[in-house]
Amino acid sequence: MKIERIPAGVYAANCYVISSEETQKGVIVDPGGSVDKISGYLEENGIEPVMILLTHAHGDHIMGVPELKQYYPVKLGVHKGDLEMLANASVNLSSQMTGPTVGIEPDFTFEDGDVLTAGDLKFEVIHTPGHSLGGVCFVIGDYVITGDTLFAGSIGRTDLTGGDYDTLIDSIANKLLSLSDDLVVLPGHGPASTIGKERFGNPFLRGRWT
Ligand SMILES: [Zn+2]
Ligand SMILES: [Zn+2]
């Protein structure tokens, strides 16, 4: 398995392309724009994209979706809690951002505990509401993609539609800090971390684990 981080769109949200060296199939997480960079990476590496997964439906994570769907026969998946946000450009804020205005329906929805597969790639869904109603993290092998739930040394904002501070802290404390310290955290913005580093060093999580 290979994971490539491609900061995408004007907000430089991290798009991740996860691909299998066995099947050459790939999954694109959170394409927020820069479709030329994403498709360039896919083509240079001979990766056939089969699925787009969203950690949540904010504009900076979805604005590349319509263009990618024009080029590739990919299925789009989102947590059912973010369906309304995905469909409504003023709720997902793409109408106020630099880039395409996006209001779309997914091809499928998922929920907590689901395991999504693409060839030999497996994505375990952890529902982590608080930044948005349908925010999720994906565990893939030794990695966890955390979207705007958890960043290196910080957490997501909670002042947008569906956001709630206590819910976000509970999601992280109960569902992410229960994971192995060695798991590599791949956030929606900024550099990578590990669950262990965040458990001990993230100022927002002090006193929230045992
Ligand atoms: Zn967000
Ligand atoms: Zn974001």
Side-chain angles (χ1 to χ4, degrees), residues 3-18 27-35 37-38 52-68 76-104 106 109-112 123 125-138 140 143-172 175-176 184-193 198 202 204-205:
I3 299 188
E4 179 78 4
R5 178 174 79 105
I6 304 174
V10 284
Y11 301 90
N14 289 325
C15 168
Y16 295 99
V17 178
I18 301 92
V27 174
I28 303 167
V29 176
D30 287 0
S34 305
V35 169
K37 273 205 294 190
I38 297 168
I52 298 174
L53 297 178
L54 301 177
T55 60
H56 66 297
H58 280 148
D60 58 328
H61 298 252
I62 66 173
M63 285 193 290
V65 171
E67 204 182 336
L68 280 168
L76 173 67
V78 70
H79 187 277
K80 57 186 182 177
D82 271 9
L83 276 174
E84 196 185 326
M85 181 179 274
L86 184 63
N88 187 327
S90 53
V91 180
N92 67 44
L93 306 170
S94 63
S95 62
Q96 297 167 45
M97 292 174 171
T98 307
T101 295
V102 178
I104 45 175
T109 59
F110 46 71
E111 52 191 296
D112 190 53
F123 296 74
V125 176
I126 305 177
H127 184 210
T128 52
H131 174 68
S132 72
L133 290 175
V136 301
C137 300
F138 299 111
I140 315 132
Y143 299 86
V144 56
I145 294 179
T146 56
D148 288 358
T149 293
L150 177 66
F151 305 121
S154 189
I155 59 172
R157 57 191 284 187
T158 54
D159 57 331
L160 302 171
T161 304
D164 182 75
Y165 186 83
D166 291 340
T167 304
L168 182 63
I169 295 289
D170 281 349
S171 286
I172 297 170
K175 293 193 159 163
L176 296 182
V184 175
V185 172
L186 301 174
H189 299 268
S193 184
E198 296 315 304
N202 191 313
F204 294 91
L205 305 177

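Order of appearance sets the numbers: ligands from 1, and atoms from 1 within every ligand.
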**Message:** Whether the D148 and H56 side chains hold a donor-acceptor pair (N or O, under 3.5 Å, no angle test) is what I'd like checked.
**Reply:** yes
**Prompt:** Under 2.8 Å from the Zn ion (ligand 1), which protein N/O/S atoms are there?
**Reply:** H56 NE2, H58 ND1, H131 NE2, D148 OD2
Tell me which donor-acceptor pairs under 3.5 Å the side chains of residues 160-169 have, and how far apart each pair is, sequence neighbours excluded?
{"residue": "D164", "atom": "OD2", "partner": "T167", "partner atom": "N", "Å": "3.0"}
{"residue": "D164", "atom": "OD2", "partner": "T167", "partner atom": "OG1", "Å": "2.6"}

**Prompt:** Quick one: salt bridge (Lys or Arg N to Asp or Glu O under 4.0 Å) partners of D159, sequence neighbours excluded?
**Reply:** R157
**Message:** Which residues pass the salt bridge (Lys or Arg N to Asp or Glu O under 4.0 Å) test with E111, not counting sequence neighbours?
**Reply:** K80
**Request:** For atom CZ of F204, decide whether the heavy atoms of other residues, nucleotides or ligands shown that lie under 6.0 angstrom number more than 12.
**Result:** yes
**Asked** How close do D30 and G147 get, heavy atom to heavy atom, and via which atoms?
**Response** OD2-CA, 4.5 Å
